[in-house]
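Single-structure report; data block below.
Here the structure is a predicted model, which is why all the values come from computation and not from measurement. Lettering of chains follows the sequences in order, A, B, ..., and the numbering in each one begins at 1.
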There are 2 protein chains.
Amino acid sequence: MVTIKQIAAEVGISATTVSIVLGGKAEERKISAATQKKIFETANRLGYQPNIAARSLRAGFGADEIRVAMLWAEDFRASMMVRFWDGLRAELAQLDRKIRLVIYPYTNDHLDEVHALTSASDCHAAIICNASDADLEFLRRTQLAIPVVLYNRTCPGYCSVNVDDALMGALAARALSDQGCRRGVVLTGAPVFAGMEVRVQSFLLEGARHGLEARVAPYCDSSARGGYEGARALWSAESGEYPDALFCGSSLIAHGALRALRELGLPQLPRVVAIGNGAPELDELSVPSLSVVYLPMEEMARECLRLLMDWMSDRLSSPASRLLEARYIPRESCGPIADQEQKTIG
Amino acid sequence: MVTIKQIAAEVGISATTVSIVLGGKAEERKISAATQKKIFETANRLGYQPNIAARSLRAGFGADEIRVAMLWAEDFRASMMVRFWDGLRAELAQLDRKIRLVIYPYTNDHLDEVHALTSASDCHAAIICNASDADLEFLRRTQLAIPVVLYNRTCPGYCSVNVDDALMGALAARALSDQGCRRGVVLTGAPVFAGMEVRVQSFLLEGARHGLEARVAPYCDSSARGGYEGARALWSAESGEYPDALFCGSSLIAHGALRALRELGLPQLPRVVAIGNGAPELDELSVPSLSVVYLPMEEMARECLRLLMDWMSDRLSSPASRLLEARYIPRESCGPIADQEQKTIG
DNA sequence: TTGAAAGCGCTAACAG
DNA sequence: CTGTTAGCGCTTTCAA
């Protein structure tokens, strides 16, 4: 990288003068127009960019802030980023410490390439979201340079905030079976981590236990369009009796599916339950409104940050994990669970 | 802020040793357990946090990256942040330079408190989104320390990327009047910048010109719920003839309104057009699917970044503005515009 | 009108 | 086992 020293050498002048000119203080320091011109030209020619770290160090600014990285996989879940971000922001507002939150997009299975984790010179701490199995494997065998909390994943030696994936699947099964459903379909995207499969397996198991026979449809794209096309294909292929229950891996998939089912003009719509990972607002207003097993993402984000603060300030003697509760929220697409004591299920 | 020097002084030891211990190299450097203990205790007691700027400078890491701030107002538009962020990410992938994008949330009317803009020691450049009129006034009278591009705002002396607000309103009016609508309502949130009012005024004007008499409803909350409640109130209050056209200030508002209108069981649904600032995917799949005047947010984000790069590398001799095209996208909630030459409207 | 020197906080090399 | 020194890139005195 080109520095003011290099520019100075190139022009045949001192670094001080270069700093003055590039810092916009040429007039008050009465630097000659000729010198200014040469400096600007050279800076542009060499593609000079100031070193931010050097400037902040010198200015002393930002020394009091704690920089926390929010690692978010840049895939179909990008649209869900805001809920998590919102949760973190809400928690920040409560905290006394000055924290700067920085989003680090990363690619699944390439967490090992994120320099901020393996060096301590980029961030003070990090929250890792959406880790894939390969990413978890990397974490397991690596000693990171900074304290970290995992969102909805577990890994030995790490703090984490989780929901009970098995319970989520079971709740969905119970909701549908309690409404009298007997033939179910699971429509979901290709699993990117073990928990997704746990949800589905648990759904199948708990369903079977309550008279709901279900099968897993071919994986669809994890989007509204994926849900639309997936549901359309499923119901079009059906020759005999239609399924009376649909369990979707995400609310986006469910919204697409609902639209498709409606278009098909079926005599009777199946009941639908989804993992509620999207904006609740949209789930409430779809036609019909969407019943979900609600993923308390904002609350989990807040908990991640709290845990991280505790972990950083040594209030925790060893890595801790916290489990947050996933609730079933009945809406029009599927009625309530008969048994009030949801937590005993599974 | 507490530094390793202070810890060293407190313990009665050199800064080097403190650095070694806190850097996790105590074993290989054979620092005595007693010293380590004292250092850790003191660091915790004083609440030591390493100075990131000093570390990066020392490590030489990050010197090659350009840090760009994305300033986004933390209000109801937070949910729209992802589209913009996605657009920027797409453009980043094309660029040769190594750029680090950092989201800086700010509060409208308080842009002047964003230190990153007035000091050059935090970021190399910034993209300012959602500026309010007060924020623009601040920009007008201030000489910022870093190059900046404005998203969907204009301000003398600044680069900006815009859409034609008047055209957007006019397109909505044309779509509705071309479908034979005669009585319209505008449902929108309280305007946070002049462009929102321009859209509405232009809608009213172009409507009147084509036989569509419209009025502006009381401002609703800028959310799906706001649209739901707003539409419900409007149609419930109606005694005589119902409006046959609805123009919504955002797609979220429209989705709420659609749901409300459907619930009311009207003999005939009004035609609906919204400013398409949400995820197109959702507009396509609502019931009915939503016709919008599409705000090309991702494309605008990319253009912001391109403009910023040009501006920074001195390829522009003076601030430039670019205008992107807003298109009407007919879906089920309102048919097409008869005149193909949309751009001549207004 | 310009330059020399000091120092922001940290760590690596080297010396005891 | 621990300390001294130097220097990362930059800006701000202060001196010429």
Side-chain angles (χ1 to χ4, degrees), chain A residues 1-39 43 46-67 119-124 145-146, chain B residues 1-39 43 46-67 119-124 145-146:
Chain A
M1 276 298 95
V2 31
T3 68
I4 51 169
K5 263 189 193 167
Q6 292 173 42
I7 298 175
E10 189 87 5
V11 177
I13 212 173
S14 84
T16 304
T17 309
V18 177
S19 172
I20 291 167
V21 171
L22 295 181
K25 298 197 168 37
E27 306 314 318
E28 64 186 72
R29 291 294 302 272
K30 301 187 197 273
I31 307 295
S32 74
T35 308
Q36 288 190 49
K37 185 148 174 288
K38 274 190 286 183
I39 291 175
L46 301 183
Y48 170 77
Q49 286 298 341
N51 184 317
I52 290 288
R55 279 195 173 167
S56 338
L57 177 57
R58 173 68 235 236
F61 192 80
D64 55 339
E65 79 180 17
I66 299 185
R67 200 178 301 171
S119 133
S121 56
D122 210 357
C123 291
H124 290 103
I146 55 173
Chain B
M1 275 296 95
V2 32
T3 68
I4 52 170
K5 264 188 193 167
Q6 293 173 41
I7 298 176
E10 189 87 6
V11 177
I13 210 173
S14 83
T16 303
T17 309
V18 177
S19 172
I20 290 168
V21 172
L22 294 182
K25 299 196 167 40
E27 305 314 318
E28 67 187 68
R29 293 293 303 271
K30 300 187 198 269
I31 306 295
S32 76
T35 308
Q36 289 189 49
K37 186 149 173 288
K38 273 189 287 183
I39 291 174
L46 301 184
Y48 170 76
Q49 286 298 341
N51 184 317
I52 291 288
R55 279 194 174 168
S56 336
L57 176 57
R58 174 68 236 234
F61 192 80
D64 55 341
E65 81 182 14
I66 298 186
R67 201 178 301 171
S119 132
S121 56
D122 210 357
C123 291
H124 289 103
I146 56 173

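The CD1 atom of B:I39 sits 13 Å away from the P atom of C:dC10 (whole-angstrom rounding). Taking atom CD1 of residue B:I4 and atom P of nucleotide C:dC8, one finds them 12 Å apart after rounding to whole Å. Between the C1' atom of D:dC1 and the NZ atom of B:K25 lies a distance of 18 Å, rounded to the nearest Å. Between A:I7 atom CD1 and D:dG9 atom C1' the separation is 12 Å, expressed in whole Å. Across the protein-nucleic acid pair, A:L57 atom CG and C:dG7 atom C1' stand 9 Å apart, rounded to whole Å. One can place CD of A:Q6 at 9 Å from P of D:dC10, the figure rounded to the nearest angstrom. Following rounding to the nearest Å, B:N51 (CG) and C:dC10 (C1') show an atom-to-atom distance of 8 Å. Note: CG (B:L22) to C1' (C:dC10) measures 11 Å, nearest angstrom.
How far CG of A:N51 is from CE of A:M1: 10.0 Å, rounded to the nearest 0.5 Å.
Remark: side-chain polar atoms of B:R55 are paired, donor with acceptor, to backbone N or O of A:A120 under 3.5 angstrom. When atom types are taken as modelled, the side chain of A:Q49 and the backbone of A:T3 share no donor-acceptor pair closer than 3.5 angstrom.
A:Y48 comes within 4.0 angstrom of the backbone, heavy atoms only, and of no base.
Near DNA chain D, meaning a heavy atom under 4.0 Å from it, residues 8-21 of chain A has A:T16, A:S19 in order of number. Sorted by residue number, the members of residues 28-35 of chain B with any non-hydrogen atom under 4.0 Å from DNA chain C read B:R29.
B:R67 is linked by a side-chain contact (heavy atoms from CB on, under 4.5 Å) to A:I52, A:R67, B:E65, B:R100, B:V102, B:D122, B:C123, B:H124, counting only residues two or more places apart in sequence or in another chain. B:S121 meets the side chain to side chain donor-acceptor pair (under 3.5 Å) test with B:S119; sequence neighbours excluded. With sequence neighbours excluded, the residues forming a side chain to side chain donor-acceptor pair (under 3.5 Å) with A:K37 are A:E41, listed by chain and number.
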All N/O donor-acceptor pairs, side-chain side in residues 10-24 of chain B, below 3.5 Å, sequence neighbours left out:
from	atom 1	to	atom 2	distance (Å)
B:E10	OE2	B:R45	NH1	3.4
B:E10	OE2	B:R45	NH2	3.4
B:S14	OG	B:T16	N	3.3
B:S14	OG	B:T17	N	3.3
B:S14	OG	B:T17	OG1	3.3

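Here the shortest heavy-atom pairing between A:A54 and B:L57 reads CB-CD1, 3.8 Å.
Listed by first then second residue, pairs satisfying side-chain hydrogen bond (donor to acceptor under 3.5 Å, both in side chains) with a partner in residues 22-34 of chain A read A:S32-A:T35, not counting sequence neighbours.
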